[in-house]
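Just below is one structure, and these are the notes that go with it.
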Amino acid sequence: MYSRKAALGIAILAVLGLSALAASGATASGATTFTCVTDPSGTLIGDHCLTSGTGEKSKHVAIEPNTTTTSTLTNANTAEETKAAKSATLKATLAGVNTEITCSEIHGEGTVENRTTGEEMFGHGELKIHFTGCEVKAPAGKGCKVPEGTITTNQLTSRTVGSGATGKISPKEGTTFTEIKLEGCSIAFLNNTFPVTGSLEAKTNGATITLTHAEATTQNTLKFGGQKAGIEFAVTTKAHSKAGEETHPLSYTATP
């Protein structure tokens, strides 16, 4: 459970998020959160708010400062040229045992807004992320499971860093993303609950937020059960209307 939760907490990410990372658009004074609205005269692609790809054309529309927008985050359509979902994977070595947890589905919900600190504009988000379809891939053949295959993070926060091409994700309170419980292991030590702690920085490209295992381990800010950990994921975010339905992708790219 421990390694699974870590993967989830990070993915999101994220991811935070991932729904939390909803800010983008670089200016001299920082970053701004945008939605991508369908417009035949636009230069962006609506599916993931990119300058290339498939889908209807769209344009950036900035979210007014200090205006809260509800959002969701998902890993759907993030792999195989937007035709499949990329799983989230958390890895760490616990007491000398290589441990790997993979979760097939990621879903998050929260809020985003544009904020200012002096002359700096940045995107701020708050969210929780749910990982489902979680399986312990390593150690293989040792019977380890994550109860119900589900991991849920604590409340997380995210904000854009610099021009908005990077988002930092961390727990809203304290340092714990989540706690992952492992059970059924033939290795007694692993039948325990392990915390996932620290912070992460993920890249943004249009409405997509990504982090690789190599990037996470290089940052050296994530721990699983007190040990250095890596996580890999890809998610996209969308804004919601007042009625609650998903409407437009949230863009994390530079100001057009």
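Numbers here are sequence positions counted from 1. If you're wondering where the values come from, they're calculated on a predicted model, not measured in any experiment.
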field: Step-by-step side chain to side chain contact (heavy atoms under 4.5 Å, CB included) determination, T237 to S71
entry: CA-CA 7 Å; T237 56; S71 63; 5.5 Å; no

field: Exercise: identify the closest heavy-atom pair between A92 and K228
entry: CB-O, 3.8 Å

message: Working to the nearest 0.5 angstrom, can you tell me the gap between I45 CD1 and C36 SG?
response: 10.0 Å

- prompt: What pair of heavy atoms forms the shortest contact from T69 to A239, and how long is it?
  reply: CG2-CB, 3.8 Å

task: May I ask you to check whether over 12 heavy atoms, not counting those of K142, lie within 6.0 Å of atom NZ?
output: no

- request: Count the heavy atoms of every other residue, nucleotide or ligand shown that sit under 6.0 Å from CD of Q155, and state whether that count exceeds 12.
  value: yes

- prompt: Stepwise, does the side-chain hydrogen bond (donor to acceptor under 3.5 Å, both in side chains) test hold for T102 with T89?
  reply: CA-CA 4 Å; T102 296; T89 300; 3.3 Å; yes

query: With no hydrogens and no angle check, is any side-chain donor or acceptor of N154 less than 3.5 Å from a backbone partner on K172?
result: no

- prompt: Does V97 belong to the same Ile/Leu/Val/Met/Phe/Trp/Tyr cluster as F189, with side-chain heavy atoms less than 4.5 Å apart forming each link?
  reply: yes

query: Any idea which heavy atoms bring A88 and I106 closest together, and the distance?
result: CB-CD1, 3.6 Å

query: With no hydrogens and no angle check, is any side-chain donor or acceptor of H48 less than 3.5 Å from a backbone partner on N77?
result: yes

- request: Calculate, to the nearest 0.5 Å, the distance between atoms OG and NZ belonging to S41 and K57 respectively.
  value: 9.0 Å

task: Determine whether L94 and I151 fall in the same hydrophobic cluster, where Ile, Leu, Val, Met, Phe, Trp and Tyr are linked whenever their side-chain heavy atoms lie under 4.5 Å apart.
output: yes

task: Kindly indicate, with the supporting measurements, whether the criterion side chain to side chain contact (heavy atoms under 4.5 Å, CB included) is fulfilled by T160 and T166.
output: CA-CA 6 Å; T160 53; T166 301; over 6 Å; no

message: Any heavy-atom pair between the side chains of T99 and L190 that's under 4.5 Å?
response: yes

task: Mark yes or no: R159 above the aromatic ring of F122, with NZ or CZ under 6.0 Å from the six-membered ring centre and no more than 45 degrees from the axis.
output: yes

message: Side chains of S58 and D39: any donor to acceptor distance under 3.5 Å?
response: no

field: Any donor-acceptor N/O pair, N205 side chain to L50 backbone, under 3.5 Å
entry: no

Flag, side chain of T178 to backbone of T152, donor-acceptor distance under 3.5 Å: yes

query: Would you say T150's side chain and E148's backbone share a donor-acceptor pair under 3.5 angstrom?
result: yes

message: Measuring only between side-chain heavy atoms, which start at C-beta, is E113 closer than 4.5 Å to T67?
response: no

field: Side-chain touch L211/Q219, heavy atoms, less than 4.5 angstrom
entry: yes

- prompt: When you measure from the side chain of T35 to the backbone N and O of V37, does any donor-acceptor pair fall under 3.5 Å?
  reply: no

field: Nearest non-hydrogen partners of P249 and A207, listed with the distance
entry: CB-CB, 3.8 Å

query: Looking only at atom types and distance, does a side-chain atom of N114 sit under 3.5 Å from a main-chain N or O of G123, one as donor and one as acceptor?
result: no

field: Flag side-chain contact, heavy atom, 4.5 Å: H124 against S158
entry: no

- request: Look at K91 together with E232 and state whether they make a salt bridge at an N to O cut-off of under 4.0 Å.
  value: no

- line: Taking every heavy atom of I187 against every heavy atom of P139, the minimum-distance pair comes out as CD1-CG, 4.1 Å

message: Rounded to the nearest 0.5 Å, what separates atom CD in E183 from atom OG1 in T193?
response: 9.5 Å

query: Which heavy atom in L44 sits nearest to a heavy atom in T51, and how many Å separate them?
result: CD2-CG2, 3.8 Å

- prompt: Does T153 reach the main-chain N or O of I129 with its side chain, forming a donor-acceptor pair under 3.5 Å?
  reply: yes

F233 vs T78 side-chain heavy atoms within contact, under 4.5 Å: no

- prompt: So, does K238 use its side chain to make a donor-acceptor pair with the main chain of L73 at under 3.5 Å?
  reply: no

field: Evaluation steps, side chain to side chain contact (heavy atoms under 4.5 Å, CB included), between V61 and F34
entry: CA-CA 5 Å; V61 175; F34 292 85; 5.8 Å; no

- prompt: When the ring planes of H107 and H130 are compared, do they come out parallel, tilted or perpendicular, using 30° and 60° as the limits?
  reply: parallel

T132 and C103: CA distance, side-chain angles, deciding distance, side chain to side chain contact (heavy atoms under 4.5 Å, CB included) verdict: CA-CA 6 Å; T132 56; C103 301; over 6 Å; no

query: With no hydrogens and no angle check, is any side-chain donor or acceptor of N75 less than 3.5 Å from a backbone partner on K86?
result: yes

query: Is the closest side-chain heavy-atom distance between S199 and K168 below 4.5 Å?
result: yes

